[in-house]
Amino acid sequence: MWLLGLLLMLGLVYKSEAAENISAGLLLEFSLGKYKNVVLNETIPTEAVLRNIASNVTIIIFQVHTHHKNVTISFDKEPSINSSETGIDKGLVSVLRPEQSVCTWYLRAVDANLVLSTAVSLSYGEKDPIPGGCNLEFNLEIDPNIYLEYNLAETHIKFAPANLGYMRGKNPPSCDSGTIQNTRWRLHYDIYYYFLPENDFSEAAFVSHMKKMSEVQSIKANAVKKMTLTSQDKTDLYFSSLPGQGVIYNVIVRDPLWNTSAAYIPIHTYACSISALVDNCFTIKRLSSKLFFTTLAVLGLFVCFFGHRFWKTDLFFMGFIFLAFFFFIAITRTSTLHYDVCLGLTAVVGVIGGLLLVAYWWRFGFVIFCMLIVGLVLGCLVASTVFFTPLGDYKVFQDDAVFWVTFSCITLIVPVVFVGCPRVLNILTCGIIGSYTVILATGCYFYTSLSYIGIDLLRRILNNDFRRAYTSVPFQANDLILLAVWAMLAMGGITVQLRRERHEAPFPPQPYRIWKRERERRVTNILDPSHHVPPLKERIHNKLSQIKDFFQKEQPAGERTPLLL
């Protein structure tokens with residue numbers, strides 16, 4: 001009995017400690033700036049109360065966040081369209097009346113029970129701008145929320161313009177009173193983003209990092225500032241989608257006259273569904289992609305170290321990449337076939353293209369081959385890498401003409417620079433392209449930003465609207481490791497091939513050149529036995545005679561005529 005009592009006491013202690021971090025119930029007390037983990041259910045709303053609000057506080061922004069399940073936050077027990085918001089990252093602005101010191105909100109789960117959420121209330125004064133204070137598009141009168149939509153190519157965020165702060169009991173400044181300095185048109189908007197740890201979909205990681213993106217000072221200390229918008233700019237932006245990679249977006253609105261600022265409600269996305277039964281964040285890597293790129297990586301690794309020695313394998317590899325790339329673009333833009341079917345057809349066409357290049361490469365001069373195939377493949381990767389850097393996010397490159405002219409020039413620079421030393425160009429291409437296929441194959445099994453060097457180029461070609469998207473990607477531990485692997489493989493392959501081939505002929509002789517040289521030698525050297533080659537008709541007759549002699553009966557040996565005396 002005493003042992004049972006001890007276990008019960010330990011259980012009560014454990015429950016009391018857990019209750020300090022996770023609260024569930026009908027009434028919750030909040031403190032300004034203090035995060036509280038709240039368990040919500042669908043049937044009974046949870047009442048959140050903030051008391052003892054100071055007199056110098058003008059507005060309170062209350063926000064609630066969940067990992068992937070929707071919740072409703074409302075001013076009333078029975079939510080209405082104009083007094084509530086539903087989603088995974090939502091908040092409300094409470095404008096305080098004179099002498100008001102208590103605020104109340106209601107939280108409820110949607111289509112689920114026992115939803116873990118984290119909530120916080122933040123205060124702002126009369127000189128701080130009001131996020132979403134000039135909302136004309138969404139349902140709330142004052143809407144501090146950021147709205148997010150995504151597809152496989154791009155993520156779209158938009159938010160309502162802010163207004164100037166004002167004292168309690170006063171009327172808010174007009175949103176359409178002109179563009180003079182004393183109106184909301186003087187406000188600036190700083191766009192920030194924060195990447196969650198790669199390959200981490202846990203709720204604990206989400207909660208800990210979301211806390212860094214709610215307050216102004218914490219946002220500035222932890223997130224990356226992407227750009228600044230003025231009140232004349234549109235408050236909607238496009239970013240490149242990164243399926244499987246968590247990212248948090250937020251906006252800080254600044255009043256340059258009073259040197260004050262306020263933060264909107266942060267919003268996060270993985271560009272995929274965590275709760276879906278199929279095609280979720282854990283199954284976005286298709287089996288067809290794994291088979292295709294793993295096979296390509298095995299061949300690419302061989303080409304990386306032995307491509308120049310095994311010339312026809314090198315030709316097949318480059319021809320496969322060149323033709324498969326353009327065929328995938330063509331079939332994707334002109335048909336509605338499933339991705340797996342498109343990838344299978346691309347593999348077949350790539351194999352045919354590689355075999356044709358191996359069979360007929362001798363009909364063309366090698367300089368032409370370097371310029372059109374090897375040089376273009378390497379130049380395309382170099383150009384894609386340049387636009388993968390922050391240089392690609394300059395607004396001037398959102399113009400298709402500027403982008404493609406610049407891209408083409410960078411691509412053509414590579415074969416032009418190495419036109420006088422084709423062996424070096426071929427070995428460089430084998431090392432860099434072959435090792436990059438290993439990185440692409442790795443990206444089929446877990447997230448890496450380096451795979452977007454090639455993916456973003458395909459997105460730009462296949463999606464007409466992708467030019468407006470900013471292509472920021474995280475660069476974390478996995479990417480640093482894979483970048484080192486790529487560099488070591490490339491440098492190792494290039495070094496091995498350069499050392500092995502330094503005393504060899506630049507390239508295997510072309511069959512056409514061998515035939516032409518032999519023909520000239522036979523014409524000019526009459527002492528060469530090959531010069532006296534019989535005509536074709538006579539050679540055929542001799543071959544037939546040899547076959548006939550093979551079947552002829554052998555004559556017996558010995559003398560059969562009588563001796564002459």
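All of these numbers come straight from a predicted model, not from anything done at the bench.
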Taking the six-membered ring for Trp and the single ring otherwise, decide whether the centroids of [X] and [Y] are under 6.0 Å apart.
X      : Y      : result
Tyr150 : His156 : no
Tyr249 : Tyr193 : no
Phe466 : Tyr238 : no
Tyr147 : Phe159 : no

Could you tell me the separation between the [atom1] atom of [X] and the [atom2] atom of [Y], rounded to the nearest 0.5 Å?
X      : Y      : atom1 : atom2 : answer
Thr46  : Asn41  : OG1   : CG    : 6.0 Å
Ile146 : Ile191 : CD1   : CD1   : 7.5 Å
Tyr394 : Thr389 : OH    : OG1   : 9.0 Å
Ile321 : Leu378 : CD1   : CG    : 11.0 Å
Asn478 : Leu483 : CG    : CG    : 12.5 Å
Lys34  : Leu50  : NZ    : CG    : 13.0 Å

Does any donor atom in the side chain of [X] or [Y] lie under 3.5 Å from an acceptor atom in the other side chain?
X      : Y      : value
Asp393 : Thr471 : yes
Asp465 : Asn463 : no
Trp105 : Ser94  : yes
Asn82  : Ser80  : no
Thr448 : Asp479 : yes
Ser74  : Lys77  : no
Thr72  : Ser84  : no
Thr155 : Glu149 : no
Tyr447 : Ser449 : yes

Looking only at atom types and distance, does a side-chain atom of [X] sit under 3.5 Å from a main-chain N or O of [Y], one as donor and one as acceptor?
X      : Y      : result
Ser83  : Pro79  : no
Asn135 : Leu140 : yes
Asn222 : Ser218 : yes
Ser241 : Ala271 : no
Gln100 : Val102 : yes
Asp399 : Ala401 : yes
Thr260 : Lys127 : yes
Ser208 : Ala205 : yes
Asn163 : Pro173 : yes
Asp233 : Thr230 : yes

Please check if atom [atom1] in [X] has more than 12 non-hydrogen atoms from other residues, nucleotides or ligands closer than 6.0 Å.
X      : atom1 : result
Trp486 : CH2   : yes
Glu203 : CD    : yes
Met167 : CE    : no
Leu480 : CG    : yes
Leu152 : CG    : no

Do the non-hydrogen side-chain atoms of [X] and [Y] ever get within less than 4.5 Å of each other?
X      : Y      : answer
Ile44  : Arg108 : no
Ile219 : Lys212 : no
Leu381 : Ile453 : yes
Tyr270 : Gln245 : no
Leu96  : Ile59  : no
Ile61  : Leu92  : no
Val57  : Tyr124 : no
Ile88  : Asn70  : yes

Once you measure the plane-to-plane angle for [X] and [Y], does it fall in the parallel (<30°), tilted (30-60°) or perpendicular (>60°) bin?
X      : Y      : value
His268 : His67  : parallel
Phe239 : Tyr470 : tilted
Phe328 : Tyr339 : perpendicular

Indicate the atoms forming the closest heavy-atom contact of [X] with [Y], along with that distance.
X      : Y      : value
Asn182 : Leu164 : O-CD1, 3.5 Å
Leu457 : Ser384 : CD2-OG, 3.4 Å
Thr58  : Tyr166 : CG2-O, 2.9 Å
Phe293 : Ala441 : O-CB, 3.5 Å
Ala263 : Val216 : N-CG2, 3.8 Å
Leu122 : Ser214 : CD1-O, 3.5 Å

Intermediate values then yes/no, salt bridge (charged side-chain N to carboxylate O under 4.0 Å, His left out), Arg51 and Glu29: CA-CA 8 Å; Arg51 306 183 190 275; Glu29 296 281 350; 2.8 Å; yes

Verdict with reasoning, Arg186 to Asp255, per salt bridge (charged side-chain N to carboxylate O under 4.0 Å, His left out): CA-CA 7 Å; Arg186 72 178 187 230; Asp255 188 338; 2.8 Å; yes

Name of the residue among Arg254, Lys226, Lys220 meeting salt bridge (charged side-chain N to carboxylate O under 4.0 Å, His left out) with Asp190: Arg254

Passing option when Glu154 is tested against Arg459, Arg460, Arg468 for salt bridge (charged side-chain N to carboxylate O under 4.0 Å, His left out):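 Going through Arg459, Arg460, Arg468 one by one, the salt bridge (charged side-chain N to carboxylate O under 4.0 Å, His left out) with Glu154 is satisfied by Arg468 alone.
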
